[in-house]
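Note sheet for the following structure.
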Amino acid sequence: RYQIVFLILIALFIAALILNINTGSVRLSVERIFKIIFMRDSTDSAYPIIWKIRLPRLLTAAVLGGALSLSGFLLQTFFRNPIAGPYVLGVSSGAKLAVGAVMIFGMKLWGRVPFGAVMTAAFVGAMLCASFVMIVSRKIHSMAMLLVVGMMIGNVCSAATDFFVTFAKESDIANLTSWSMGSFSAVSWGNLRICLAVIAVCLLLCLLLAKPIGAYQFGEHYAASMGVNVRRFRTALIGLSCLLAACVTALVGPISFVGIAVPYMTKKLLGTAKPMAVLPGCFLLGGVFCMACDWIARTAFSPTELAISTVTAFFGAPVVIVMALKRGGGHR
C-alpha cells in the first residue's frame, strides 16, 4: 500500500509541476520548456518567463506546501490531536504580527528590511504564540477550548497587525496587504534558497526524530520508558514546527488549513500514522495540494488572481469538518 500511494503521489507531483509551468498567458510546448530548464537556452524569448516567474513560483508552492504540512503534523503530534495546526492555534498569526511590525517599522527606520530579519521575526512571533498555547494547554485539557484560545490569539494578533498598519506609509500598506492575503507570486530566487536550506534541515531533523515521534504517539510515559527525553523532545517538536511555519509566513504570508487537512489526508491514504511513512507523505501531498491550489488561484478567474488562502480554505475546510464529525464533534 505504501508503495502504491507514494507512486501515485510522485506521479501527481510531477503532473502538478508540468501543469503549473505550462499555465499562463504564454503557452509553451514541453520540448521548449525542457530546453529552457535543462539546456539553459537563454536565446529563447520565454527564458525569463520560465526562470524568473514560473519556476520560482511553482517551486515555492511545492516546498512551502510540504513545509506547512510537516509543521501541522508536528503540532498534531505534540498536542496528540489531529485538529491542531499552525493556522488554527495562532502560530501563523503570531508570525504574521511579528513580520508586519518588522516590515512597517524597519522600512521607516532603515528603508529596507533584509529577508533574514523577516524570517527571524516570523520565528520569534510563532514561538511566542506557541509558548502561550503550551502554557494554556497545561491548564485546559479540552482540545475544543484550546482551539478557541488559539483562534482568539489569532484574532488578537490580527488586531495588533491592523494597529501597526495605521502608522505605515501607503506603499508599505499595499505591500503588507498583498503579503497578508498569501501569494506565491513575486518570490525571488535568493529568498527561496534561504527557505529551501532551512526547510531541508528541518525535514532531515524530522526524519531523524521519526522513532521518538512514533514512541510519543503512544503517550509521554511510553516515550520516556523507551529512553526519550520528553522535555527536550517536546521542545524540538515545537521549535521545528514554528521554524517551518515561520519560513512559510515570512516568504508568502499566512496560508490556512493546509497544516490540518494534508496530514489527515496523508494518514488516511497510507492507512497508518507511522512517522517514517507519514513525514515524506505529508511533504509530497502538501506540495501537490498547494501547487494545485495555486493553479486554481491563477486560472479560475484569470486575469484576476485569487489569494492562495481563499483556495486552500475552500478545499481544506471541508476536510477539517469531516475530521471533526468523525471525532464526535471534538469531544473525544
Side-chain angles (χ1 to χ4, degrees), residues 8-9 12-13 15-24 54 57-73 75-76 82-93 95-96 147-148 150-151 154-155 157-158 161 177-187 244-245 248-249 251-269 281-327 329-330:
I8 292 171
L9 288 177
L12 289 173
F13 192 89
L17 283 174
I18 295 170
L19 182 66
N20 273 266
I21 203 167
N22 199 31
T23 299
R54 295 187 186 179
R57 179 167 186 155
L58 72 91
L59 287 177
T60 300
V63 174
L64 296 193
L68 203 54
S69 303
L70 284 181
S71 176
F73 176 71
L75 282 176
Q76 289 166 13
I83 306 179
Y87 192 84
V88 174
L89 291 177
V91 174
S92 294
S93 297
K96 175 185 172 182
L147 293 176
V148 171
M151 287 187 285
N155 288 330
C157 290
S158 294
T161 305
T177 302
S178 175
W179 166 82
S180 65
M181 291 175 68
S183 175
F184 293 122
S185 61
V187 175
L244 288 166
V248 177
T249 307
L251 193 59
V252 299
I255 300 176
S256 59
F257 290 102
V258 178
I260 303 177
V262 173
Y264 174 78
M265 290 189 293
T266 304
K267 286 181 275 191
K268 285 295 180 183
L269 284 171
C282 264
F283 197 87
L284 277 173
L285 185 56
V288 172
F289 184 81
C290 280
M291 281 192 288
C293 287
D294 187 47
W295 178 79
I296 293 169
R298 286 191 293 144
T299 60
F301 299 99
S302 180
T304 303
E305 184 176 319
L306 297 173
I308 189 64
S309 281
T310 303
V311 185
T312 56
F314 184 82
F315 291 103
V319 176
V320 178
I321 292 170
V322 170
M323 186 196 314
L325 290 174
K326 287 190 174 181
R327 287 179 58 82

Could you state the interatomic distance from [atom1] ([X]) to [atom2] ([Y]), rounded to the nearest 0.5 Å?
X: Met323; Y: Lys268; atom1: CE; atom2: NZ; answer: 9.5 Å
X: Leu269; Y: Ile8; atom1: CG; atom2: CD1; answer: 8.0 Å
X: Leu19; Y: Thr23; atom1: CG; atom2: OG1; answer: 4.0 Å
X: Glu305; Y: Thr310; atom1: CD; atom2: OG1; answer: 10.5 Å
X: Leu284; Y: Leu12; atom1: CG; atom2: CG; answer: 10.0 Å
X: Gln76; Y: Ile83; atom1: CD; atom2: CD1; answer: 9.0 Å

State, yes or no, whether a side-chain contact exists between [X] and [Y] at a heavy-atom distance under 4.5 Å.
X: Leu17; Y: Leu58; value: yes
X: Phe289; Y: Ser69; value: no
X: Phe73; Y: Leu244; value: no
X: Thr60; Y: Val252; value: yes
X: Arg57; Y: Asn20; value: no
X: Pro86; Y: Leu68; value: yes
X: Ile321; Y: Leu325; value: yes
X: Phe315; Y: Ile296; value: yes

Do any N or O atoms from the side chain of [X] and from the backbone of [Y] form a donor-acceptor pair under 3.5 angstrom?
X: Ser309; Y: Pro254; answer: yes
X: Thr266; Y: Val262; answer: yes
X: Thr312; Y: Phe257; answer: no

(message) For Tyr87, is the OH atom crowded, meaning more than 12 foreign heavy atoms sit under 6.0 Å from it?
(response) no
Write down the atom of [X], the atom of [Y], and the distance for their closest heavy-atom approach.
X: Pro82; Y: Ile260; answer: O-CG2, 3.6 Å
X: Gly72; Y: Pro263; answer: C-CG, 4.2 Å
X: Leu75; Y: Ala84; answer: O-CB, 4.0 Å

(message) Evaluate Met291 against Phe184 for side-chain contact (heavy atoms from CB on, under 4.5 Å), listing each step before the verdict.
(response) CA-CA 10 Å; Met291 281 192 288; Phe184 293 122; over 6 Å; no
